[in-house]
Amino acid sequence: MIIHVVKENETIESIAKSYNVDYRKIANDNEISADENLVIGQTLVIITEDNIQKDREIVVNGYCFPNINKDVLFKALPYLTYLSIFSYQVDGSGNLIPINDDELIEISRNYQTEPVMVVTNIGVSGRFDSDLAHIILYDNNIQNNLITNILDVMKNKGYNGLDIDFEYVYPEDKNAYIDFLNKLNARLKRNNYFLSVALAPKTRDDQEGILYEAHDYKMIGEIADHVILMTYEWGYSGGPARAVAPVNLVERVVEYAIKRINPNKILLGIPNYGYDWILPYTEGTLAKSVSNYQAVNIARNYNQVINYHEEAQTPYFNYTDDEMREHEVWFEDARSIKAKLDLVIKYNLEGISYWTIDRLFPQNYLVLGNTFEIKKQSP
């Protein structure tokens, strides 16, 4: 696998000639038009039989929403070990709000991909609810009802495992959260299900903040079969422009995590999106979420060169829109994906987890599939 960065005046045909590869194959592999005008700084993945070097087998999880485009899903499933359908929300009585997941579960099994039930403490506001988590964690009757409801859904729907994504748990509820996960895991194991837990991206034990303090890496790592490091959102919609998942900061989380958790349980979170900020950043404004495809198209439409931040290992560019507003866009490309996958190799992690697979990003699967074998469920 070769990741080619487009230079001035290059075309798909001229690039193909330099590698002695059919230009139509390059276009087809990268799912772009053969006569597409390329952007300086854009990446193309070049695949030939003699440049495929796979490291080892890994676990790959992909989160998706129930309304995912089926064509996008079909292209992702060959590269997934687990499909985590987001999400069942719990109420203050331990009941679950149903989601339309039957078809996704059936489709995933056709691709030997294991369906995973996701349960969150997202409340009626549509946001993670600290008070809702508190109610659940301090009432045994509610917990028992919740666990029974979870197991009923898993059995009736055909889920293979469970992912718990409780965020913004009050710091003082940390021990109660551990107790709940222990109780839940014991019931899951009696029914031959596995447990995955999503973790905020910490770099030290005493990291302050409601997002981090109740996520005890060591204790949760001992309970769960897998943990998912949510290593993204440094650059987020409500903050200033910056890389969503700068590799230098992602690596700091990994270095901390492997001291607390067996690396063979760790899935590294990888974002499949970018943001478009209006400059200068003003508190209270929100950046627009864009797909990696959209980002390249914006650069093309405004005739902008795509830059690459060497420390963050992330592409970005600036442009001025038709209303003369300045913008800054950070996103993911083949280079940034490879940099994150290299961390899996360097630290011998179990695998990766995409948030989310709902947007098509063919280059990602080219890089992934030519770097690793993907663990699959036995037919």
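Starting from 1, each residue takes its place in the sequence as its number. All heavy atoms count here, side chains included; hydrogens, waters and symmetry mates do not.
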* Asked: Is the CD atom of E103 crowded by more than 12 outside heavy atoms at less than 6.0 Å?
  -> no
* Can you check side chain to side chain donor-acceptor pair (under 3.5 Å) on Y138 and D173, steps first, answer last? -> CA-CA 9 Å; Y138 281 92; D173 293 347; 3.2 Å; yes
* Answer yes if the side chains of N272 and N292 hold a donor-acceptor pair under 3.5 Å, and no otherwise. => yes
* Asked: What heavy-atom pair brings E332 and P315 nearest, and what distance separates the two atoms?
  -> C-CG, 4.0 Å
* Between Y365 and Y79, how do the two ring planes meet: parallel, tilted or perpendicular, split at 30° and 60°? -> parallel
* Ring centroid separation W355 to Y273 under 6.0 Å -> no
* Do W277 and E326 have side-chain heavy atoms sitting under 4.5 Å apart? -> no
* **Minimum heavy-atom distance I12-L38, with the two atoms named** => N-CD1, 3.7 Å
* To do: Check whether any side-chain heavy atom of L229 sits under 4.5 Å from a side-chain heavy atom of L267, and report yes or no.
  => no
* In Å and rounded to the nearest 0.5 Å, what is the CG to CG distance from D55 to N370? -> 13.0 Å
* To do: Establish, from distance only, whether the side-chain atoms of Q313 and N248 form a donor-acceptor pair under 3.5 Å.
  => no
* Looking just at side-chain N and O atoms, do Y170 and D131 make a donor-acceptor pair shorter than 3.5 Å? -> yes
* Plane angle bin for F317 and F331 - parallel if under 30°, tilted between 30 and 60°, otherwise perpendicular -> perpendicular
* To do: Assess whether atom NZ of K17 is packed by more than 12 heavy atoms of other residues, nucleotides or ligands within 6.0 Å.
  => no
* Parallel, tilted or perpendicular: which describes the rings of H4 and Y19, with under 30° parallel and over 60° perpendicular? -> perpendicular
* Asked: Is it the case that N95 and N145 place a side-chain donor and acceptor less than 3.5 Å from each other?
  -> yes
* Yes or no on salt bridge (charged side-chain N to carboxylate O under 4.0 Å, His left out) for D342 and K338, after CA distance, side-chain angles and deciding distance? -> CA-CA 6 Å; D342 285 345; K338 184 63 169 66; 2.6 Å; yes
* When you check the side-chain N and O atoms of N191 and K155, is any donor under 3.5 Å from an acceptor? -> yes
* To do: Indicate the atoms forming the closest heavy-atom contact of H215 with A200, along with that distance.
  => ND1-N, 3.0 Å
* Donor-acceptor side-chain pairing of Y319 and E328 below 3.5 angstrom -> no
* Would K375 and E57 count as a salt bridge (charged side-chain N to carboxylate O under 4.0 Å, His left out) if you check the C-alpha gap in whole Å, the side-chain angles of each, and the deciding distance to 0.1 Å? -> CA-CA 6 Å; K375 184 176 180 181; E57 184 180 70; 5.8 Å; no
* **Side-chain heavy atoms of I150 within contact of M117, under 4.5 Å** => yes
* To do: Taking all non-hydrogen atoms of both residues into account, name the closest pair between S84 and N61 and its distance.
  => OG-OD1, 2.6 Å
* To do: Using a strict cut-off of less than 4.0 Å between a Lys/Arg side-chain nitrogen and an Asp/Glu carboxylate oxygen, indicate whether D205 and K218 qualify as a salt bridge.
  => no
* **Test item: V39 and N303 side chains (from C-beta on) under 4.5 Å apart, heavy atoms** => no
* **Y168, OH atom: more than 12 neighbouring heavy atoms under 6.0 Å** => no
* Structure fact -> CD of E114 to OG of S378, rounded to nearest 0.5 Å, is 9.0 Å
* To do: Indicate if L181 and V169 have the same hydrophobic cluster label, given that clusters are the connected sets of ILVMFWY residues with side-chain heavy-atom separations under 4.5 angstrom.
  => yes
* Examine distances only and state if a side-chain atom of N28 and a backbone atom of R24 form a donor-acceptor pair shorter than 3.5 Å. => no
* To do: Could you tell me if the ring centre of Y82 sits under 6.0 Å from that of F194?
  => yes
* Asked: Would you call K75 and D71 a salt bridge, taking side-chain N to carboxylate O under 4.0 Å as the test?
  -> no
* Asked: Minimum heavy-atom separation for G274 to V244, with atom names?
  -> CA-CG2, 4.4 Å
* Asked: Are N160 and Q377 close enough that some pair of their side-chain heavy atoms sits under 4.5 Å apart?
  -> yes
* R56 atom CZ, over 12 foreign heavy atoms within 6.0 Å -> yes
* Asked: Can D225 and K265 be counted as an ion pair, charged N to O under 4.0 angstrom?
  -> no
* Structure fact -> When every non-hydrogen atom of L132 is compared with those of D129, the smallest separation belongs to N-OD1, 3.0 Å
* Between Y302 and H327, does the ring centroid distance fall short of 6.0 Å? -> no
* Asked: If you draw a 6.0 Å radius around NZ in K174, do more than 12 non-hydrogen atoms from other residues or ligands fall strictly inside?
  -> no
* To do: May I ask you to check whether F361 and Y293 place their ring centers less than 6.0 Å from one another?
  => no
* Asked: Are any non-hydrogen side-chain atoms of Y354 and C64 less than 4.5 angstrom apart?
  -> no
